[in-house]
Every structure is written in structure tokens, then in C-alpha cells.
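Inspection log for the structure reproduced underneath, given as C-alpha cells.
This chain uses plain numbering: 1 for the first residue, then up along the sequence.
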Amino acid sequence: MGENENEVRVRVLIACDDKGKNNAEKFYVIYNKLFEVEYNEEISDFDIAMEYAKTGKMSHILYFIDEVNLRLSSLLDDMGGYTVDVTIDDLENVLSQNDYDNLLKSTLKYYKIKSWWFCLCFNYYIRDPWGRTI
């Protein structure tokens, strides 16, 4: 079957300043497991990365500035996308929350299949970040 032309593909460009190289390499390994990723060590300027991403039909840019900061851009929005400056900790927290959510969903799905009774008991003890029982 052919690809749906309206389907959004997540294609991430990872680039960095010299000071951000360690984190760029670290997050390349993580993101490459989740999405289609290109890590380009030759790009060391955000504006060049933006042009490269646009011509390469990328959906996102992770541009690592140093050991603490990065610039995250989304090119998907019809209004031109957005760019925000965030910290490495922010990005790690988002990834950790997504991993937690995925683990929780897969665990509950597994136990629902194996034993509906265990799932009912298990659900009683699991709470989301807002304190609600899931």
C-alpha cells in the first residue's frame, strides 16, 4: 500500500553548537528509536539548521546550544511553526513523562488481557500525576 499523503511524518533534525555536542549525541540515540532522525554534525548555526530542515522536509529541529540549553522548533504549523528555548532538563522531563505514560498504558493493556481481576486491583493503586486513580 502507498503512503497517505496527508499523514504527518515526524522527521527530526538534530544539530548543535560545539558546546552542545554531548547532548546532541545523547538525544540522537533516544530520538532515533522513536522517529526518523538526522543528526548533522556539520551544522553549527541555528539559521542554517532551519533552512536545511525546511529544504529537507523535516518536521522538527532540536538544536543543542550548550550543556544546558537547546532550541526546539516545529515546522508543522500552517502559520509557520514555532521555536522555543528550553533546557535539557525540560526535554528529559517530557521524555520521562511520555515513557511513563507508554509504560503505564502497555502494562494495563497486558494485565487486562491476562487477568481482568488483577487489572481492577492494579488500577486501584495507580494514580496519574494529578492524584486521580487510573
Side-chain angles (χ1 to χ4, degrees):
M1 283 187 219
E3 282 187 38
N4 182 354
E5 290 183 19
N6 295 326
E7 185 177 314
V8 176
R9 286 185 28 202
V10 177
R11 299 185 69 224
V12 180
L13 170 64
I14 295 180
C16 61
D17 285 344
D18 288 338
K19 294 178 184 176
K21 188 171 182 163
N22 289 338
N23 280 318
E25 291 172 353
K26 172 183 166 184
F27 281 93
Y28 168 73
V29 171
I30 295 167
Y31 270 76
N32 199 39
K33 294 177 184 176
L34 305 170
F35 307 110
E36 184 179 336
V37 178
E38 179 179 338
Y39 173 38
N40 192 320
E41 296 180 53
E42 302 298 317
I43 299 175
S44 60
D45 179 76
F46 178 76
D47 293 330
I48 294 171
M50 180 63 81
E51 290 304 313
Y52 184 87
K54 286 179 181 177
T55 58
K57 298 185 179 174
M58 300 288 178
S59 61
H60 295 82
I61 302 170
L62 294 176
Y63 186 82
F64 293 85
I65 299 167
D66 55 32
E67 292 295 319
V68 177
N69 302 292
L70 73 125
R71 189 163 287 151
L72 168 69
S73 292
S74 173
L75 307 172
L76 293 177
D77 189 355
D78 293 336
M79 302 293 285
Y82 63 84
T83 300
V84 293
D85 290 336
V86 297
T87 66
I88 302 301
D89 286 344
D90 294 334
L91 186 59
E92 287 176 338
N93 289 337
V94 168
L95 287 172
S96 295
Q97 184 61 47
N98 287 339
D99 286 342
Y100 169 79
D101 291 344
N102 291 334
L103 177 64
L104 184 62
K105 287 176 188 173
S106 65
T107 302
L108 290 177
K109 185 183 291 183
Y110 171 78
Y111 285 117
K112 282 180 183 176
I113 292 169
K114 292 293 183 184
S115 169
W116 66 271
W117 173 251
F118 184 78
C119 182
L120 290 174
C121 297
F122 194 58
N123 274 340
Y124 179 75
Y125 295 104
I126 295 180
R127 298 190 181 278
D128 66 13
W130 298 274
R132 298 177 299 201
T133 301
I134 300 174

N/O donor-acceptor pairs under 3.5 Å from side chains in residues 63-72, not counting sequence neighbours:
unit_1, atom_1, unit_2, atom_2, d
Tyr63, OH, Asp17, OD1, 2.3
Tyr63, OH, Ser44, O, 2.9
Tyr63, OH, Asp45, N, 3.2
Asp66, OD1, Val68, N, 2.8
Asp66, OD1, Asn69, N, 2.7
Asp66, OD1, Asn69, ND2, 3.3
Asp66, OD2, Asn69, ND2, 3.3
Arg71, NE, Asp85, OD1, 2.7
Arg71, NH2, Asp85, OD1, 3.4
Arg71, NH2, Asp85, OD2, 3.4

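- For Ser59 (side chain) and Arg11 (main-chain N/O), a donor-acceptor pair under 3.5 Å exists by modelled atom type.
- For Tyr52, the ring-ring contact (aromatic ring centres under 6.0 Å, His included) test picks out no residue, with sequence neighbours left out.
- When the side chain to side chain contact (heavy atoms under 4.5 Å, CB included) test is applied to Asp89, the partners found at least two apart in sequence or on another chain are Thr87, Glu92.
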Quick one, Leu91 with Tyr31, criterion side chain to side chain contact (heavy atoms under 4.5 Å, CB included). Give me CA distance, side-chain angles, the key distance, then yes/no.
CA-CA 11 Å; Leu91 186 59; Tyr31 270 76; 3.2 Å; yes
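- Checked against salt bridge (Lys or Arg N to Asp or Glu O under 4.0 Å), Lys21 has the following partners two or more places apart in sequence or in another chain: Glu41.
- Taking each heavy atom of Lys54 and Leu75 in turn, the nearest pair found is N-CD1, 4.2 Å.
- How far CE of Met50 is from CD1 of Ile61: 4.5 Å, rounded to the nearest 0.5 Å.
- Heavy-atom minimum distance, Ala53 versus Leu13: CB-CD2, 4.0 Å.
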